[in-house]
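The block underneath contains the structure these notes are about, expressed in structure tokens.
Order of the sequence lines sets the chain letters (A, B, ...), proteins ahead of strands, with each chain counted from 1.
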Amino acid sequence: GAGVSQSPSNKVTEKGKDVELRCDPISGHTALYWYRQRLGQGLEFLIYFQGNSAPDKSGLPSDRFSAERTGESVSTLTIQRTQQEDSAVYLCASSLRQGGSYEQYFGPGTRLTVT
Amino acid sequence: GENVEQHPSTLSVQEGDSAVIKCTYSDSASNYFPWYKQELGKRPQLIIDIRSNVGEKKDQRIAVTLNKTAKHFSLHITETQPEDSAVYFCAATLADRGSTLGRLYFGRGTQLTVWP
């Protein structure tokens, strides 16, 4: 079946502009995660959605970052007033709720470049 | 919250040798420990995981061991091949029964290079 998809695959924006990144999780996966990965670095947790529960926003680096999720489907990560340090690959992942299946399936990522 | 430390940050081995990557965690409640492999320019993918009710799990050339008392777990790759070259991430979390897990706490990653 279809995996996690993300769009756009690449985004170049000018410093100070807002950007919106999209994630389409695997159908039926109730959990959705956003991570940031700077070049050559590890996976930095940003936010986690689980069903209708309040999201875990503990990883968002500043109030310029926000994310929404529509039910158990699409999620958008918005970065306002982008800065050069926001340049990174933004990865989305989803996982299944039932059956004790814990694997996180990652999308291909959106490479964001802030000039 | 949980804190996962991973060592070494880089590891170079000759083809055919074994590679070992070690992680420690801080929260004794964590009960699920996956390992992800990320090839250059690709997305991370799960290669093996272990739950706290077992001490070791094997899948062909890879194995993971867990020491709950010491709060550390390790990835072992035997008979390494050039295609094993990648960044490997360990992670830990508390996974509730019958429910999806919460956030994964990742280590910083280990760049493994296997020389032919």
Side-chain angles (χ1 to χ4, degrees), chain A residues 3-6 9-10 23-26 28-60 67 69 72 88-111, chain B residues 1-10 21 23 27 30-54 57 59 64 85-113:
Chain A
V4 177
S5 61
Q6 293 185 244
S9 55
N10 281 283
C23 172
D24 282 88
I26 294 173
H29 282 196
T30 59
L32 186 148
Y33 314 79
W34 283 98
Y35 297 91
R36 179 169 69 180
Q37 188 171 36
R38 291 196 169 105
L39 186 64
Q41 301 298 309
L43 297 165
E44 179 185 0
F45 167 78
L46 297 178
I47 189 168
Y48 159 49
F49 295 92
Q50 171 55 58
N52 295 319
S53 302
D56 176 354
K57 302 180 181 181
S58 61
L60 294 178
R69 187 180 186 193
E72 294 185 350
V89 174
Y90 289 82
L91 289 162
C92 173
S94 70
S95 66
L96 182 65
R97 179 181 179 89
Q98 287 85 14
S101 175
Y102 302 128
E103 180 173 356
Q104 288 194 12
Y105 294 82
F106 284 82
T110 293
R111 182 176 299 278
Chain B
E2 176 64 275
N3 181 47
V4 177
E5 301 280 345
Q6 183 172 349
H7 299 280
S9 56
T10 61
I21 303 170
C23 289
D27 189 348
S30 290
N31 62 0
Y32 173 66
F33 308 92
W35 286 87
Y36 283 79
K37 175 183 180 182
Q38 187 177 29
E39 297 178 32
L40 189 63
K42 302 281 184 65
R43 70 193 80 182
Q45 291 191 300
L46 180 73
I47 55 171
I48 195 167
D49 56 14
I50 191 167
R51 296 171 198 178
S52 59
N53 57 345
V54 298
K57 183 176 178 181
D59 183 1
V64 57
S85 296
V87 178
Y88 291 81
F89 294 98
C90 64
T93 193
L94 171 61
D96 295 328
R97 283 200 186 91
S99 165
T100 194
L101 74 174
R103 61 168 291 194
L104 281 176
Y105 292 83
F106 281 93
R108 290 182 169 272
T110 296
Q111 172 67 62
L112 173 65
T113 303

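For the pair B:Arg103 and A:Tyr48, the cation-pi criterion (under 6.0 Å, within 45° of the ring axis) is not fulfilled.
For B:Tyr105, no part lies under 4.5 angstrom from a heavy atom of chain A. A:Leu43 touches chain B through backbone and side chain together, each having a heavy atom under 4.5 Å away. For B:Gln111, no part lies near chain A; criterion is any non-hydrogen pair under 4.5 Å. For A:Val89, no part lies near chain B; criterion is any non-hydrogen pair under 4.5 Å. The contact between A:Gln37 and chain B is made entirely by side chain atoms (from C-beta outward), counting heavy-atom distances below 4.5 Å.
Heavy-atom proximity under 4.5 angstrom to chain A picks out B:Arg43, B:Pro44, B:Leu46 from residues 40-50 of chain B.
Not one N or O on the side chain of A:Tyr33 forms a donor-acceptor pair closer than 3.5 Å with the backbone of B:Leu104.
Rounding to the nearest 0.5 angstrom, the gap separating the CZ atom in A:Phe106 from the OH atom in B:Tyr36 is 5.5 Å.
Counting non-hydrogen atoms of neighbouring residues, nucleotides and ligands closer than 6.0 angstrom, the CG atom of A:Asn52 reaches no more than 12 such neighbours.
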